[in-house]
**Q** 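Structure provided below as structure tokens; questions to follow.
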Amino acid sequence: MQFIDAHCHLDFPRFDGCREAELSKARREGLAGLVIPGVRRGHWGRVRDTAHAQDGLYYCLGIHPWFVAEHSDDDLRALDEALGERPDRCVALGECGLDRLHGDLDAQLPWFEAQVAIAARRQFPLVIHSVRTHDEVHGVLNRARWRGRALVHGFSGSYQQACKLVDQGCFIGVGGVITHPRARKTRETMTRLPVDSLVLETDAPDMAPEGVERGRNSPAYLGRVLEALAELRGETVASLAPRLLDNVRRLYGWQPGDVGE
């Protein structure tokens, strides 16, 4: 049984000195690959180098909404040019998006719109950060007439909001939050969405599952998310895992065999 972590910050300093050990542990649990999102231009090189260090690691380039103030139009041009070169192992633009709880939403909006336009022009999927902005994210994609694939990672909105995003071409990221009984709304949403709209992620080192210290999440815990999702949906892990594997391959444009068996 194999799975892919669709969103994991393996380049973060939290993993310095233990990166290979955490990956080895995760591979023993069934990890076939993972995708490392970029969050600011100054870290793009680190993200790329981390992805190229081992087989099965891929990355994205993008400007996270928390860090838009430290960037300029030159960085957007650099992002456009970098994606235009179709760099090896770069599978998406992200993470980009909106966050109502961190920073100025009005300041974030043009950066998100610009990155949606770049992804559309360069024909890359999007990896989207959305915190209490699911309606706004849907509005941006709708106005842009988005027809590509996208991941709304760490989703914690309503079932109705999820359905609108799925109809817009988005996959919904399922992470450690569903292992927490208090996350009733998110857990209910994940039981009702069509399985072909879901992908597994850890967002490590953040979004820790129940019983894991905050900030100490790891791709090795992705199996816990899978088990929780199977229990919530009343399915077996064995029947659910291959469908989720197929979903993340469709999201990132991989063919069977490109990542995992």
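Just so it is clear, the model here is predicted, and its values are computed rather than measured.
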**Q** Drop me the distance from Leu151's CG to Leu165's CG, to the nearest 0.5 angstrom.
**A** 11.0 Å
**Q** Might you point out which heavy atoms bring Arg233 and Leu198 nearest each other, and give the distance in Å?
**A** NH1-CD1, 3.7 Å
**Q** Between Glu95 and His9, does any side-chain donor sit less than 3.5 Å from a side-chain acceptor?
**A** yes
**Q** How many angstroms lie between atom CG of Leu240 and atom CG of Asn247, to the nearest 0.5 angstrom?
**A** 9.0 Å
**Q** For Trp66 and Val39, what are the C-alpha separation, side-chain angles and deciding distance, and is it a side chain to side chain contact (heavy atoms under 4.5 Å, CB included)?
**A** CA-CA 8 Å; Trp66 291 5; Val39 297; over 6 Å; no
**Q** Among side-chain atoms of Asp5 and Thr202, is any donor-acceptor pair under 3.5 angstrom?
**A** yes
**Q** Apply side chain to side chain contact (heavy atoms under 4.5 Å, CB included) to residues Arg250 and Phe171 and explain how you reach the verdict.
**A** CA-CA 10 Å; Arg250 288 191 291 116; Phe171 290 83; 3.5 Å; yes
**Q** Which heavy-atom pair separates Asn217 from Pro209 by the least distance, and what is that distance?
**A** OD1-CD, 3.4 Å
**Q** When rounded to the nearest 0.5 angstrom, what is the spacing between CG in Asp135 and CD in Gln160?
**A** 10.5 Å
**Q** Can you see which heavy atom on Leu232 is nearest to which on Thr191, and at what distance?
**A** O-CG2, 3.4 Å
**Q** Partners of Asp106 by salt bridge (Lys or Arg N to Asp or Glu O under 4.0 Å), sequence neighbours excluded?
**A** none
**Q** Over all heavy atoms of both residues, which pair between Cys60 and Val47 is shortest? Give the atoms and the distance, please.
**A** O-CG1, 3.8 Å
**Q** Fit a plane to each ring of His134 and Phe155, take the angle between them on a 0 to 90° scale, and name the class: parallel (under 30°), tilted (30 to 60°) or perpendicular (over 60°).
**A** parallel
**Q** Between Glu136 and Arg100, is there a salt bridge with N-O shorter than 4.0 Å?
**A** yes
**Q** Counting only heavy atoms not in Arg184, do more than 12 sit closer than 6.0 Å to its CZ atom?
**A** no
**Q** Assess whether side chain to side chain contact (heavy atoms under 4.5 Å, CB included) is satisfied between Ile128 and His153, documenting all intermediate values.
**A** CA-CA 6 Å; Ile128 299 172; His153 103 89; over 6 Å; no
**Q** Tell me whether Leu244 shares a hydrophobic cluster with Leu34, the cluster being built from Ile, Leu, Val, Met, Phe, Trp, Tyr side chains joined at under 4.5 Å.
**A** yes
**Q** Is a donor from one side chain sitting under 3.5 angstrom from an acceptor on the other, for His129 and Asp99?
**A** yes
**Q** Below 4.0 angstrom, N of the basic side chain to O of the carboxylate: do Arg243 and Asp196 qualify?
**A** no
**Q** Flag yes if more than 12 heavy atoms outside Arg143 fall under 6.0 Å of its CZ atom; otherwise flag no.
**A** yes
**Q** Less than 4.0 Å between a side-chain N and a carboxylate O, is that true for Arg89 and Asp55?
**A** yes
**Q** Using every non-hydrogen atom in the two residues, find where Ala119 and Leu126 come nearest and quote the distance to one decimal.
**A** CB-CD2, 3.6 Å
**Q** Quick check: Tyr58 with Trp254 (ring centres under 6.0 Å apart)?
**A** yes
**Q** Calculate, to the nearest 0.5 Å, the distance between atoms CD and OG belonging to Glu29 and Ser24 respectively.
**A** 12.0 Å
**Q** Do you reckon Leu251 sits in the same ILVMFWY cluster as Val91, going by side-chain contacts under 4.5 Å, direct or chained?
**A** yes
**Q** Inspect the surroundings of CD in Glu20 and state if more than 12 heavy atoms from other residues, nucleotides or ligands are less than 6.0 Å away.
**A** no
**Q** Could you tell me the separation between the CG atom of Asp73 and the CH2 atom of Trp111, rounded to the nearest 0.5 Å?
**A** 6.0 Å
**Q** At their closest point, which heavy atom of Leu76 faces which heavy atom of Ala114, and how far apart are they?
**A** CD1-CB, 3.8 Å
**Q** Looking at Arg192 and Glu188, does any basic side-chain N land under 4.0 Å from a carboxylate oxygen?
**A** yes
**Q** Any side-chain heavy atom of His52 sitting closer than 4.5 Å to one from Tyr59?
**A** yes
**Q** Excluding sequence neighbours, so at least two apart, what forms salt bridge (Lys or Arg N to Asp or Glu O under 4.0 Å) with Arg77?
**A** Asp74
**Q** Start with the C-alpha distance between Cys96 and Val127, add both sets of side-chain angles, then the distance that settles side chain to side chain contact (heavy atoms under 4.5 Å, CB included), and finish with yes or no.
**A** CA-CA 6 Å; Cys96 58; Val127 173; over 6 Å; no
**Q** Within the 4.5 Å heavy-atom criterion, are Leu93 and Leu83 side-chain neighbours or not?
**A** yes
**Q** Side chains of Thr186 and Thr189: donor-acceptor distance under 3.5 Å anywhere?
**A** no
**Q** Under the salt bridge (Lys or Arg N to Asp or Glu O under 4.0 Å) criterion, do Arg41 and Glu70 qualify, and how do the steps go?
**A** CA-CA 9 Å; Arg41 185 180 179 183; Glu70 68 185 56; over 6 Å; no
**Q** Any side-chain heavy atom of Phe124 within less than 4.5 Å of one from Arg86?
**A** yes
**Q** Find out whether Gln168 and Val137 are in side-chain contact, i.e. whether some heavy atom of one side chain is under 4.5 Å from a heavy atom of the other.
**A** no
**Q** Given the ring of Phe67, does Arg40 sit roughly above its face, with NZ or CZ under 6.0 Å from the centre of the six-membered ring and within 45° of the axis?
**A** yes
**Q** Look up atom CD1 in Ile36 and atom SG in Cys8, then write down how far apart they are to the nearest 0.5 Å.
**A** 7.0 Å
**Q** Strictly by salt bridge (charged side-chain N to carboxylate O under 4.0 Å, His left out), give each pair with a member in residues 203-218 just once, sequence neighbours left out.
**A** none
